> 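Dropping a structure here in structure tokens format, bear with me for questions.
One is the number of the first residue; the rest follow in order along the sequence. Note that the structure is predicted; figures quoted are calculated from it, not measured.
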Amino acid sequence: QLQASGGGLVQAGGSLRLSCAASGRTFSNYALGWFRQAPGKEREFVAAINRSGATTSYPPSVKGRFIISRDNAKNYVYLQMASLKPEDTAVYYCAASNVATLTGQWFRYDYWGQGTLVTVSS
């Protein structure tokens, strides 16, 4: 089970940190990812991190502004977001994948959290 939190309203240029708590499985066996979905738009890959936390991946839209990290001892994954823009407004989801290779393809993720809303005002 994955539980995302930390969303809220922030002004453009501001920062926010999302957290995702995992339970029920061996956390370190899974790669983890963050995705987002804005109203009327498709689900979009935001960040991924491998099982050990040594490797990360980002799309160009957030690279340099967002950082994904994980704490395997505490069973948490985080998404630190900075320099937020109105176009970052979306529901953000954390997800876990059994796939060994780091991926941004949403259908390769097996478990999903419930989502947390991030709203960036201009």
Side-chain angles (χ1 to χ4, degrees):
Q1 183 179 0
L2 299 171
Q3 183 82 22
S5 61
L9 175 64
V10 63
Q11 288 188 335
S15 300
L16 207 59
R17 188 176 85 153
L18 305 183
S19 300
C20 179
S23 61
R25 289 175 175 84
T26 305
F27 185 74
S28 57
N29 286 349
Y30 295 85
L32 300 168
W34 286 95
F35 292 79
R36 66 187 180 188
Q37 189 164 20
K41 295 189 176 181
E42 294 185 353
R43 192 171 347 189
E44 179 186 12
F45 168 63
V46 174
I49 189 166
N50 73 340
R51 296 168 180 175
S52 69
T55 304
T56 57
S57 177
Y58 306 91
S61 58
V62 307
K63 195 169 187 177
R65 300 189 298 123
F66 290 10
I67 298 174
I68 187 172
S69 61
R70 66 188 294 167
D71 185 334
N72 286 344
K74 295 182 178 179
N75 288 1
Y76 268 85
V77 59
Y78 305 99
L79 184 68
Q80 181 68 49
M81 305 184 292
S83 302
L84 283 162
K85 307 173 182 180
E87 51 264 43
D88 294 319
T89 295
V91 176
Y92 283 71
Y93 300 90
C94 56
S97 171
N98 276 311
V99 175
T101 304
L102 210 58
T103 178
Q105 297 173 313
W106 66 265
F107 53 85
R108 296 192 180 275
Y109 285 77
D110 307 283
Y111 307 102
W112 292 81
Q114 87 290 358
T116 185
L117 176 63
V118 173
T119 304
V120 184
S121 63
S122 57

> Output side-chain donor-acceptor pairs under 3.5 Å for residues 92-100, partner residues at least two apart or in another chain, one line each.
unit_1 : atom_1 : unit_2 : atom_2 : d
Tyr92  : OH     : Arg36  : NH1    : 2.9
Tyr92  : OH     : Asp88  : O      : 2.6
Ser97  : OG     : Val99  : N      : 3.0
Ser97  : OG     : Arg108 : O      : 2.8
Asn98  : ND2    : Asp110 : OD2    : 3.3

> Taking all heavy atoms of Cys20 and all of Leu2, pick out the closest pair and write down the distance.
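Smallest interatomic distance, heavy atoms only, reads SG-CB, 3.9 Å.
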
> Can you pull the side-chain hydrogen bond (donor to acceptor under 3.5 Å, both in side chains) pairs that have at least one residue in residues 2-24, sequence neighbours excluded?
none

> Could you tell me which residues satisfy side chain to side chain contact (heavy atoms under 4.5 Å, CB included) with Glu87, sequence neighbours excluded, listed by chain and number?
Lys85

> Once rounded to the nearest 0.5 Å, what's the spacing between atom CG of Leu79 and atom CG of Leu32?
12.0 Å

> Taking only residues two or more places apart in sequence or in another chain, which ones pass side chain to side chain contact (heavy atoms under 4.5 Å, CB included) with Ala54?
Asn50, Ser52

> Among residues two or more places apart or on two chains, list those pairs meeting disulfide (SG to SG under 2.5 Å) that have a residue in residues 22-73.
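For residues 22-73: none.
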
> Do Val10 and Val46 belong together in a cluster built from hydrophobic side chains that touch within less than 4.5 Å?
yes

> What do the steps show when you test Ile49 against Thr55 for side-chain contact (heavy atoms from CB on, under 4.5 Å), and what is the final call?
CA-CA 6 Å; Ile49 189 166; Thr55 304; over 6 Å; no

> Of all residues at least two apart in sequence or in a different chain, which pass the side chain to side chain donor-acceptor pair (under 3.5 Å) check with Ser28?
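Residues passing side chain to side chain donor-acceptor pair (under 3.5 Å) with Ser28: none at all.
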
> Using the side chain to side chain donor-acceptor pair (under 3.5 Å) criterion, which residues pair with Asn72? Sequence neighbours excluded.
Arg70

> Considering only residues two or more places apart or on different chains, which pairs with a residue in residues 98-122 satisfy ring pair (Phe, Tyr, Trp, His ring centres under 6.0 Å)?
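Every pair satisfying ring pair (Phe, Tyr, Trp, His ring centres under 6.0 Å) with a residue in residues 98-122: Tyr30-Tyr111, Phe35-Tyr109, Phe35-Trp112.
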
> Test of understanding: with ring pair (Phe, Tyr, Trp, His ring centres under 6.0 Å), list the residues that count as partners of Tyr58, not counting sequence neighbours.
none

> Apply the test side-chain contact (heavy atoms from CB on, under 4.5 Å) to residues Leu18 and Tyr78: give CA-CA distance (whole Å), side-chain angles for both, the deciding distance (0.1 Å), then the verdict.
CA-CA 6 Å; Leu18 305 183; Tyr78 305 99; over 6 Å; no

> To the nearest 0.5 Å, how far apart are CE in Met81 and CD1 in Ile68?
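The CE atom of Met81 sits 12.0 Å away from the CD1 atom of Ile68.
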
> List the atom pairs, with distances to 0.1 Å, where a side-chain N or O of residues 114-122 and a protein N or O form a donor-acceptor pair under 3.5 Å, not counting sequence neighbours.
unit_1 : atom_1 : unit_2 : atom_2 : d
Gln114 : OE1    : Ala4   : N      : 3.2
Gln114 : NE2    : Ala4   : O      : 2.8
Thr116 : OG1    : Gly7   : N      : 3.0

> Dump the intermediate steps for side-chain contact (heavy atoms from CB on, under 4.5 Å) on Thr103 and Phe45, then the final yes or no.
CA-CA 9 Å; Thr103 178; Phe45 168 63; over 6 Å; no

> Within a reach of under 6.0 Å around CD of Gln1, are more than 12 heavy atoms found that belong to other residues, nucleotides or ligands?
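At most 12 heavy atoms, drawn from other residues, nucleotides or ligands, come within 6.0 Å of this atom.
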
> Can you find a pair of side-chain heavy atoms, one from Leu16 and one from Leu84, that are under 4.5 Å apart?
yes

